[in-house]
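The block underneath contains the structure these notes are about, expressed in structure tokens.
Chain identifiers are assigned alphabetically (A, B, ...) following the order of the sequence lines, protein sequences preceding nucleic acid strands; residue numbering begins at 1 within each chain. Just so it is clear, the model here is predicted, and its values are computed rather than measured.
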There are 2 protein chains.
Amino acid sequence: MPPITLKELAAELGLSPTTVSRSLNGYPEVNEATRARVAQAAARHHYRPNTRAKALATGRAMAIGHIIPISTQHEIVNPIFADFIAGAGEVYSGAGYDMLLSLVADADQSRAYREIRAKGTVDGIILHGPKEDDSRIALLAELGLPFVVHGRATWAKVPYSWVDVNNTRAFQRATEFLLDLGHRRIALVNGLEFMDFAVRRRHGFEAAMAARGLVPDPALMVQGEMTEAQGAHAARAMLALPDPPTAFLCASLLSAMGVRREVEAHGLRLGRDVSIVTHDDELGYLRNGEEEPIFTATRSSVREAGRRCAAMLLGIIADPASAPRHEMLEAVLVVGRSTGPAPASQR
Amino acid sequence: MPPITLKELAAELGLSPTTVSRSLNGYPEVNEATRARVAQAAARHHYRPNTRAKALATGRAMAIGHIIPISTQHEIVNPIFADFIAGAGEVYSGAGYDMLLSLVADADQSRAYREIRAKGTVDGIILHGPKEDDSRIALLAELGLPFVVHGRATWAKVPYSWVDVNNTRAFQRATEFLLDLGHRRIALVNGLEFMDFAVRRRHGFEAAMAARGLVPDPALMVQGEMTEAQGAHAARAMLALPDPPTAFLCASLLSAMGVRREVEAHGLRLGRDVSIVTHDDELGYLRNGEEEPIFTATRSSVREAGRRCAAMLLGIIADPASAPRHEMLEAVLVVGRSTGPAPASQR
DNA sequence: AATCGCTCCCAAAGCGCTTTGGATGCCGCA
DNA sequence: TGCGGCATCCAAAGCGCTTTGGGAGCGATT
């Protein structure tokens, strides 16, 4: 049994489709009594306007597209993705929007965007995982479809809207925290440095070091996929150095867990012999402790970022003149049990 | 500049919309020469039929909906979600389908499904995270919208299509493996046991134990969110018992990592003093080692499951009579460095 | 020369909704 | 009595596409 249509509903009520439509959409030119009748009948039949038809008639798809890069070079499905989506989804469902996911390969981005535009399935787009130099932004700007970037692209040449965490400041702050504890040999276990956020984090780290007249040791800086294995690998190599680090700055909880494993495998005590500070995206399935944080961390909810991105995009769609908009989220530094003064021998 | 429409394209070519449409859709009644002309013009203008209009006209939305439960009781965004989506997404984009995500709260599932049906935005649905007794299945079956369940719901009273891993056998096999190594005190660190897969895993564990005349110790069985903290908590409590387990069977790599941490914190050596077997969903960002697995594990790619679910659903949409379909994926037992013979003192 | 059968194309209706531009009836007011 | 004004409602067009039901043109057949 197919769902009931507007026309059928109108027929049953002895009204015209026009009146029923207006009634349901809250237009004033309809008697309150009939409006009540209509509402009642609609509820009784679980009537919902067909989105496709509505979209065709209004020209608004009532859907937002999320474009997820499926890179061939680093074939990793982003762990923060689920949380971001959850945050954005809350906002969309509150506003009656659907969420459309497109996984597009790096190669045919250009074609993919045009298609999305031409197919008219979405009113706006959220762009994930911007690189330092990201060509997708110019492309989207040219297409004239509203969009918001989760993160930034340093070298983008056109204005665009974004929501980002202040990664530079977060890592600068974290580095200062370690420096204040007396650490000098600080390792950076970073994400892939063609990603914009990773570059900014490195800059923050370097800036804090430079402010104390320190030059980071290249042997203590690695980049890579932010996995447990990466953290373990990096820590293993670095702890074997003649002059090993006394502290690690990690880009993700997973990396930090890998570092911790290797630290403990070396018989070193976390927070005593070696300190770890990590960035914490507050992922639902990867919590940094319960009440008390395990790792000292720069904390910023990626779910909240999802909400902000979504809200911003809906705002831009409602009022295109308000673009470009920007929103900077500050990470907070929470102190856990993974940090302590640098060992005396190192001071 | 709005995208070009069929009518405009037709006008430019001096043809009727009918002919252009047929030409583009491969119908036979059009001259090959004109078909080429049309194709060329379409390519030049980057023409794509408007999906909303096409959907309205054909009655097919060319989109699949994924319904993600946003539970209030366990507010966890499923870590396997991103990988599943990636797998399904591959299949959809290959077939020209869009993917629609709906996050719906446990409370108003019923309303949500009806809406989705009535709004007509999708041609089929994939259901995630079935519980042992899941009312959503009967609901969807009643609505008459094609759907496939990722997993099963033991107490469902209606036939339905599913793709599932043989969780029972996987955990039975893993348990037998540990038993063969001489372990008798085996702990089960399970997922939440209102989830169907978790129940099956427990059954597999219990069956293997029973086959050797062993009764699992309730003190060695816990359930919970599959997080690192859960694994650590469980291991801490169990290792403090007068008669601690010599082996752990974990439901996820994260749990296993938590167990490992606690095991090592106790000064015990993994694979010597204590063994761990875990289930491994082969998540992109949570690999169980590179070539050689770190943990001995029952391995089954959730991404592949996503592909299978998607393919099955598209198959059902194309040929509704083929439903219900079922597909059982077998996990393979891969041996890593986390298991070894039970310590002699325990034999 | 008339008819048939193709091939190739088109006009028009329809998918379910919104929206423009009236119609209708009823009131009060001069 | 006549008319403007208001409150309610409706007919019809249109969103961009597919699809049904022809219709022209042309070579082949009789």
If I take atom [atom1] in residue [X] and atom [atom2] in nucleotide [N], what distance separates them, rounded to the nearest angstrom?
X	N	atom1	atom2	value
B:Arg35	C:dC9	CZ	C1'	13 Å
A:Tyr47	C:dC17	OH	C1'	7 Å
A:Met62	C:dG16	CE	C1'	17 Å
B:Asn50	C:dG16	CG	P	17 Å
A:Lys54	C:dC17	NZ	P	9 Å
B:Asn31	C:dC10	CG	C1'	15 Å
B:Leu13	C:dC9	CG	C1'	14 Å
A:Arg60	D:dC15	CZ	P	18 Å

TODO: Look at the side chain of B:Ser102 and the backbone N and O of B:Val104, then say whether any donor-acceptor pair between them is shorter than 3.5 Å.
DONE: no

- [ ] Taking B:Glu8 for its side chain and B:Thr5 for its backbone only, find out whether a donor-acceptor pair lies under 3.5 Å.
- [x] yes

Open item on the list: Would you say CD of B:Glu29 has more than 12 non-hydrogen atoms from neighbouring residues, nucleotides or ligands within 6.0 angstrom?
Closed with: yes

Tell me whether the OP1 or OP2 atom of [N] has a side-chain N or O from [X] closer than 4.0 Å.
X	N	answer
B:Ser16	C:dC10	yes
A:Ser21	C:dT18	yes
B:Thr34	C:dC9	yes

Residue [X], side-chain heavy atoms: nucleotide from [options] that is nearest:
X	options	result
A:Arg22	C:dT20, D:dC15, D:dT8	C:dT20
B:Thr5	D:dC9, D:dC17, C:dC17	D:dC17
A:Glu29	D:dT8, C:dC10, C:dT18	D:dT8
A:Leu56	D:dC15, D:dT18, C:dC9	D:dC15

Open item on the list: Aromatic contact between A:Tyr113 and B:His46, with the criterion being ring centroids under 6.0 Å apart: yes or no?
Closed with: no

Task: DNA chain C: 5'-proximal contact among B:Ala53 and A:Tyr27 (nearest heavy atom) - done: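 Checking each residue's closest nucleotide, the 5'-ward one belongs to B:Ala53.
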
Task: Most 5' of A:Pro49 and B:Leu15 on DNA chain C, judged by nearest nucleotide - done: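 Closest to the 5' end, via its nearest nucleotide, is B:Leu15.
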
Task: A:His150: partners by ring pair (Phe, Tyr, Trp, His ring centres under 6.0 Å), with sequence neighbours left out - done: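 Once residues adjacent in sequence are excluded, the partners of A:His150 under the ring pair (Phe, Tyr, Trp, His ring centres under 6.0 Å) criterion are A:Phe84.
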
Task: Presence of donor-acceptor pair under 3.5 Å, side chain of A:Thr18 and base of C:dT19 - done: yes

TODO: Quick one: label B:Arg52 by what it contacts on the DNA or RNA (base, sugar-phosphate, nothing), any heavy atom closer than 4.0 Å.
DONE: nothing

